[in-house]
Structure formats: C-alpha cells, structure tokens
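Naming: A, B, ... by sequence-line order, numbering from 1 per chain. Everything numeric in this text was worked out from a predicted model, so none of it was measured.
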Amino acid sequence: MWVGGVCRRPPIGWDDVPTWRAVRATGECVLPGQAERLRTEGVPVQDGRVDLSGARFDGFPSNGPLLALKAEQDALAERVSLRDEPGDEPAPPGPIAAVDVAYPSPGVARAAYVEMEPNSLEPTYELAVESPAPFPYVSGFLTYRELPAYAALIERLCGCRGEPGRAPSVVLVDGNGILHPRRGGVASGLGVLADVPTVGVAKKRLCGTVREDGRIELDGEVVGACVANPAIDGGKPIFISPGHRVSVATAERLATDWFRDHRLPEPLWRADRLSKTG
DNA sequence: GCGACAG
DNA sequence: ATCTTGTCGC
C-alpha cells in the first residue's frame, strides 16, 4: 500500500484520520504544512524532520501473526523429504495428478483436481470443490490461503472414490515447494499434509537466483529449476521445485515430461482451467 | 536507501 | 488471483 499517496489525498470518510502524522521512516515531513501542523501538536520538529526518538508511535496492537506462521513454516520444512520414492527414478512414468485453486468470488476458494495416465490425452478423473477462503494472499504465506481448500478437496476425493489403493504417484501443485524463503511453500505443505509426493510449479519467481544452467539457487543450495516449454517458442519459463518426497532432479523431470501444448505441464494446465470453470 | 514479493 | 478491450498470431 502506498501510504504516502493515501495520506496526501485522504479517501472519503477519512476526516477523522490524522494522516498528517505519518512521516517518512527518517522522520522527514512530506506533506505541505505538515511540519508546522505537527509542531502545534507538540511534536519535536527540526528542519522539517521529526525527532522520532521521542515522538514515534509504535503501539499498534499486534501479536505478530506472521511471525508465528513463520515458525510453523520452519517446522514444516523440517518434515519435508527430498528423497525420491523407490521406483520413481529412473522411472516408469505413472499416473500423475495436478491441483490448483481459483477464487470465483472474494472469500470463496475452488480447488480443482485432475488426474492423467501417461499416455492418455484426456484426464482420467476430475473434481472441483468449493470452500471458504478467509486468509488473504500474502507473499510467502500462500499455504495459509490455499491449503484449507486442498484439505476440503482431499476430503471429497476420498469420499467420492473410496479406494485409496490407486493414488497418483505424484501431484503437481500450482505454487512453490522448497523454492521458498523458509523452504516451505504450498506444494510442500500439501505433500506433508497428505503424505504424497508433490512437485511445485510456479509461473513467477518468488525467490532464489536462476543460474546459467537453469538451476535455481537459494542460500547456496540448489532448490529447483527454471525451464520453458520448448514447444512454445519465446515462451516464458516455469519454476519447478520439490514439494515433498522427490528430489530436485526428479521434480524437474516429472514436470517437464508433461509439457504438451501449453506453458504449464498438461495436468496443471487442466487443473488451472477446471478451477476457473468449475 | 531501494527494489522484490508464488497465487 | 481477479478485473477487462483490443490486439497479435496461427
């Protein structure tokens, strides 16, 4: 939010909001007549700059919600496994699934599930489930917005299909896995929650550095790969990272093996569309 | 101090 | 992510 812009031209109904009391972090006054007005209120101002040592207000009520969630993410990261499943690598390609979430209206999430067999062009199974989405989108905390929707999806999935015997060997998730400031993106969250191998696929880079070889480095560690679908010339790349129970190399192979006619791996493209159409 | 920031 | 008109390309 551009605080300066709002304070310079307060919205209707902000007559009671003391917008002139907001200054730069340096104490510098930026609004016309701001320094003078603050001085009349007893605020120490010198050279158009507030002496923040005594005048600063930082008594905003907060229990630091994101700090607690960061701790949760650290705990999640501890539970993430980067080991490949036996028989998954080198790899008879098995059935794969993909999930994504759309928001048909504010506060409502629609999670979609698409399952495909290696050689079929059409999905083997599809399901979309709606649920409340009270948590806002905050970069780095996507898990808290979308995981509840996936939980609702899984619940219905088990109820509709029963037979937990033929679960997909891996689930592609729209978002990051360990390519995350605390190594705990949505793909990892879903993987740990459902105890299934997951691969994170993001359309934009959240963090890390893309090396010349396409590998993505974070704190000196390779956490994923940046790859474009060769079938689309001039296409933008996607950012692949392990969610849970797969290595970086396997995550990349699983996702890129499903490149077809779209930027995203086919199952994920279908899940994205299903989440939007219902 | 300034820019970046999954969906 | 979602809101939107025209527009570029196959």
Exercise for the section: Using only heavy-atom distances, determine whether the side chains of Glu117(A) and Tyr125(A) contain a donor-acceptor pair under 3.5 Å. Expected result: no

Exercise for the section: Report which part of the nucleic acid Ala102(A) touches: base, sugar-phosphate, or nothing (heavy-atom distance under 4.0 Å, all strands). Expected result: sugar-phosphate

Practice task
Return one dot-bracket line describing DNA chain C 5' to 3' (Watson-Crick or G-U wobble pairs, both distances under 3.5 Å; ( ) same strand, [ ] crossing, | another strand, . none).
Solution key: ..........

Practice task
Look at Glu72(A) together with Arg182(A) and state whether they make a salt bridge at an N to O cut-off of under 4.0 Å.
Solution key: no

Handout entry: Side-chain heavy-atom pair Glu266(A), Phe259(A) within 4.5 angstrom cut-off
Key = no

Handout entry: Pair Arg215(A) + Asp213(A): basic N to acidic O under 4.0 Å
Key = no

Handout entry: Test item: Phe141(A) and Lys70(A) side chains (from C-beta on) under 4.5 Å apart, heavy atoms
Key = yes

Practice task
Give, for atom CG of Asp100(A) and atom OH of Tyr113(A), the distance between the pair rounded to the nearest 0.5 Å.
Solution key: 14.5 Å

Completion exercise
In B/S/- notation (B base, S sugar-phosphate only, - none; protein heavy atoms under 4.0 Å), nucleotides 2-7 of chain B written 5' to 3' is ---SBB

Problem - Nearest non-hydrogen partners of Ile178(A) and Gly243(A), listed with the distance - result: CG2-O, 4.5 Å

Handout entry: Under-4.0 Å salt bridge between Arg245(A) and Asp195(A)
Key = yes

